[in-house]
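So you know, we letter chains A, B, ... as the sequences are listed, proteins then strands, and number each from 1. The basis for the numbers below is simple: all heavy atoms, side chains too, and nothing from hydrogens, waters or symmetry mates.
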Amino acid sequence: MRLPPLRWVVLPILLVPLAWLLFTGLGRDPREIPSPLVGKPLPVLAGATLTGETFSSTSLLGTPFIVNAWASWCIPACVDEHPVLMDAASRYAGRLAVLGVLYQDTPDDARRFLVRYGDGGWPHLLDASGRLAVELGVTGPPETFFVDAEGIVIAKQIGPLTLETMAEYLADLGLSE
Amino acid sequence: MKGLALPVAAAALLALGALVALEVLRPTPALSPAEQAQQIAALLRCPDCQALSVAESHTAAAGAIREQIGELLAQGRNADEIKQHFVDRYGEWILLAPSAAFAWWLPPLVVATALAILTAWLLAGRRARAGTVESKPGLPAADRQRIRDEIERLDA
């Protein structure tokens, strides 16, 4: 009876959950926010485009598409990601559509970006009021939504896409070579 | 003096109760839409800054959310519906205070459990120690007898 046996029950009861909390908590990325839109229909994104037309995301239904929230000031992430988007758009032309959403940017700056880094020809919705960004729950560009032909959001990527991650997401949409 | 203590205490309690009742029952003045919007904005996290509410932030995203709060209020939606509107887009993350009830109950529950366990532990330790003192075996009877005999011999 030198050590009360309760001690050997109490210590693990207190320490194991604490260790578990610290372990899982420290491993989490505070910037990683799961999107509640995944598995749900994409909200209708409509308005004026960079080229002065009106456009609605409903016209994209029928083929899978990508919605990319970006900005010309988003450097280097959006610059790094741009060729990946260009590559996917040309590789799956006719089977995949792309829609840009300008995030807190001016049309002039956005046009300069496209002149400098290449224009894939897909529409870019202007979002001067920030309304579209709120509809998508965008916290900072680049953020990309992968939407199936029925308009359901399959996945969301926060941060720049690479050729590898893009290929994985596109495979989820049924697009692969 | 002693006989007065009870009535005085009762009167004080009654007075306190009346004050609380007055405070609870007092009709709260209706908030203007702007005040309501401000209240809701203070509960939402600004999406493009860290650790600021939508009400405090001057970023474009916070402005867009404030504008939408105003529009939703004008449509007759209540505070809970408006909060849900933004949770549906950003997730629970957008709320500065968690809405799940267990998030509020868990910490006090954990502390209470820990205190209970600690108390049980300390009590068990004390009881065990008290037990060891009592059951400490004395000298064997033969030794005791020998000591007694030795002392007697010295005295003699």
Is it the case that more than 12 heavy atoms not belonging to Trp73(A) sit under 6.0 Å from its CH2 atom? yes
When the 4.5 angstrom heavy-atom criterion is applied to Val110(B) and chain A, the contacting part is neither
Close contacts, residues 128-138 of chain A versus chain B, judged by heavy atoms under 4.5 Å: Ser129(A), Gly130(A), Arg131(A), Ala133(A), Val134(A), Glu135(A), Leu136(A), Gly137(A), Val138(A)
Return the minimal non-hydrogen interatomic distance between Leu14(A) and Ala114(B), and the atom names on each side. CD2-CB, 4.3 Å
For chain B, which residues from residues 80-107 of chain A have at least one heavy atom closer than 4.5 Å to it? Tyr103(A), Gln104(A)
Taking all non-hydrogen atoms of both residues into account, name the closest pair between Thr139(A) and Asp48(B) and its distance. O-CB, 3.6 Å
Count I, L, V, M, F, W, Y as connected when their side-chain heavy atoms are under 4.5 Å apart, and connections chain through other members. Are Leu126(A) and Phe55(A) then in the same cluster? no
Single-linkage hydrophobic cluster, 4.5 Å side-chain cutoff, Ile69(B) and Val87(B) together: yes
Restricting to salt bridge (charged side-chain N to carboxylate O under 4.0 Å, His left out), what partner residues turn up for Asp109(A), sequence neighbours left out? Arg112(A)
Could you work out, with side chain to side chain donor-acceptor pair (under 3.5 Å) as the rule, every residue matching Gln36(B), not counting sequence neighbours? none
Trp93(B) and Leu52(B): same hydrophobic cluster, using ILVMFWY side-chain contacts below 4.5 Å? no
Would you say Leu170(A) and Ile158(A) are hydrophobically clustered, going by side-chain heavy atoms of ILVMFWY under 4.5 Å? no
Indicate if Val153(A) and Phe146(A) have the same hydrophobic cluster label, given that clusters are the connected sets of ILVMFWY residues with side-chain heavy-atom separations under 4.5 angstrom. no
